[in-house]
Amino acid sequence: MVNSDSQKEVLLEVKDVTMNFTRYEVGVDSLKELVVRAFKRDLKREKFVCLKDISFTVHRGEAVAVIGRNGVGKSTLLKIVSGILKPTKGYARCYGRISPLLQLGAGFDGNATGMENIYLNAAILGYTKKEIDEKLQSILDFAELGEFIYSPVKTYSSGMLARLGFSIAINMESEIMLIDEILAVGDMAFQQKCYNKLEELRAKGLTFLIVSHSDVVEKLCDRAIWIERGHMIADGDAKTVFQEYTQTMMQPSETGKS
């Protein structure tokens, strides 16, 4: 899709996205209890708005950060963009192959080896065996798991899972990368390695939508979208918006579902 105003190719279009959730005031411990309480009308619930009328576009080659306090809907927005969640209203359309780095290792088969999970995970992202074969050595080199790559991932530490998950997603180089706070995982050396790889991909012109609270917003991104209580209150230069955000983030705020 080409934006007629800027003549730049649009890879991501988010239009009037609203997301409502139902919150139950009375906790339930099982599906049976949920049904019984609902039948007795003993189940109090209320709807709340997680996101309200969010609209923006991301052009090819842009790196856009989504910032805001915990619980304002940033992660929910990325899940909508990736297709994991369907919004209550509006839509998110991607015009290119997506690589979602939302929860590293979440889609792994615990009983399968790291090597088997490379093929499984990349296949889920839409890659062929030939494409995975071509990237396999790069994935192995980046993950640095050695012989553990042939062990079931259920034996991996959280750091090892993060290494493998990031390595698969970052080396497959999709057109649009969705990144949710993943630079906060692993040791400092691994975090720096991830950041260096992202800089390399930025130089190659890949497109990013990133949720982050760190200075990666200023260092890596062109734009920043600031969400507060489900509403988008700013969309502009990354450094300017991030500085405005950091000046107010210590102020008390109600949180909802992220």
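Computed over heavy atoms, backbone and side chain alike; hydrogens, waters and symmetry mates excluded. Predicted model only: the values in this text are computed from it and were never measured. FYI, the numbering just counts along the sequence from 1.
Residue Ile132 holds its CD1 atom at 12.5 Å from CG of Asn171, rounded to the nearest 0.5 Å. Thr207 OG1 to Leu11 CG: the interatomic distance, rounded to the nearest 0.5 Å, is 4.5 Å. Residue Ser99 holds its OG atom at 9.5 Å from CG of Leu206, rounded to the nearest 0.5 Å. Atom-to-atom distance recorded for Lys74:NZ and Leu51:CG is 10.5 Å, nearest 0.5 angstrom. Atoms OG1 and CD, on Thr57 and Glu9 in that order, are 12.0 Å from each other to the nearest 0.5 Å. The structure places CG of Leu161 at 9.0 Å from CG of Asn117, a figure rounded to the nearest 0.5 Å.
In the hydrophobic cluster analysis, where Ile, Leu, Val, Met, Phe, Trp and Tyr join through side-chain heavy atoms closer than 4.5 angstrom, Met172 is grouped apart from Ile124. Linking ILVMFWY residues whenever their side-chain heavy atoms come closer than 4.5 Å, directly or via other members, leaves Val49 and Ile225 in distinct clusters. Grouping the Ile, Leu, Val, Met, Phe, Trp and Tyr side chains by contacts below 4.5 angstrom, directly or via other members, places Ile84 with Ile176.
Remark: the Glu13 side chain and the Tyr91 side chain contain an N/O donor-acceptor pair separated by less than 3.5 Å.
Looking at Leu198, Val58, Val64, Leu178 one by one, the single match for side-chain contact (heavy atoms from CB on, under 4.5 Å) with Phe208 turns out to be Leu198.
Judged by distance alone, the side chain of Glu131 and the main-chain N or O of Thr128 form a donor-acceptor pair under 3.5 Å.
The minimum heavy-atom distance between Leu12 and Cys94, with the atom names listed, is CD1-SG, 3.5 Å. Scanning all heavy atoms of the two residues, the minimum distance from Met19 to Phe21 falls at CG-CE1, 3.7 Å. Residue Ala92 comes nearest to Val81 through the heavy atom pair CB-CA, 4.0 Å, listed as atom of the first residue, atom of the second, then distance. Nearest heavy-atom pair across Ser212 and Ile67 is O-CG2, 3.5 Å. Looking at every heavy atom in both residues, Lys219 comes nearest to Tyr195 through CB-OH, 2.9 Å. A pairwise comparison of heavy atoms in Pro100 and Ile98 identifies CD-O, 3.7 Å as the closest pair.
Seen from the ring of Tyr95, Arg60 does not count as a face-on cation partner, given the 6.0 Å and 45° thresholds.
A salt bridge links Glu200 with Lys197: the distance from a Lys NZ or Arg NE/NH1/NH2 to an Asp or Glu carboxylate oxygen falls below 4.0 Å.
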When you look at Leu120 and Glu116, which way does the side chain to side chain contact (heavy atoms under 4.5 Å, CB included) test go after all the steps?
CA-CA 6 Å; Leu120 173 63; Glu116 291 168 336; over 6 Å; no
Steps toward side chain to side chain contact (heavy atoms under 4.5 Å, CB included) verdict (Met177, Ile170)
CA-CA 8 Å; Met177 304 201 74; Ile170 209 73; 3.6 Å; yes
Under the side chain to side chain contact (heavy atoms under 4.5 Å, CB included) criterion, do Asp133 and Tyr119 qualify, and how do the steps go?
CA-CA 9 Å; Asp133 287 340; Tyr119 283 88; 2.5 Å; yes
Take Ile118 and Leu164 through the side chain to side chain contact (heavy atoms under 4.5 Å, CB included) test and state the conclusion after the steps.
CA-CA 8 Å; Ile118 290 175; Leu164 184 58; 3.8 Å; yes
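Counting heavy-atom neighbours within 6.0 Å of Phe56 CZ, excluding the residue itself, gives a total above 12.
Checked against salt bridge (charged side-chain N to carboxylate O under 4.0 Å, His left out), Lys193 has the following partners two or more places apart in sequence or in another chain: Glu144. By the salt bridge (charged side-chain N to carboxylate O under 4.0 Å, His left out) test, Asp53 pairs with Lys89, sequence neighbours left out.
Taking the side chain as every heavy atom from C-beta outward, Gln243 and Glu218 approach each other to under 4.5 Å. Between Lys135 and Ile168 there is no side-chain heavy-atom pair separated by less than 4.5 Å. Side-chain atoms of Met115 and Leu140, non-hydrogen and from C-beta on, do get closer than 4.5 Å to each other.
Using bins of under 30°, 30° to 60° and over 60° for the plane-to-plane angle, the ring pair Phe166/Phe142 lands in the parallel bin.
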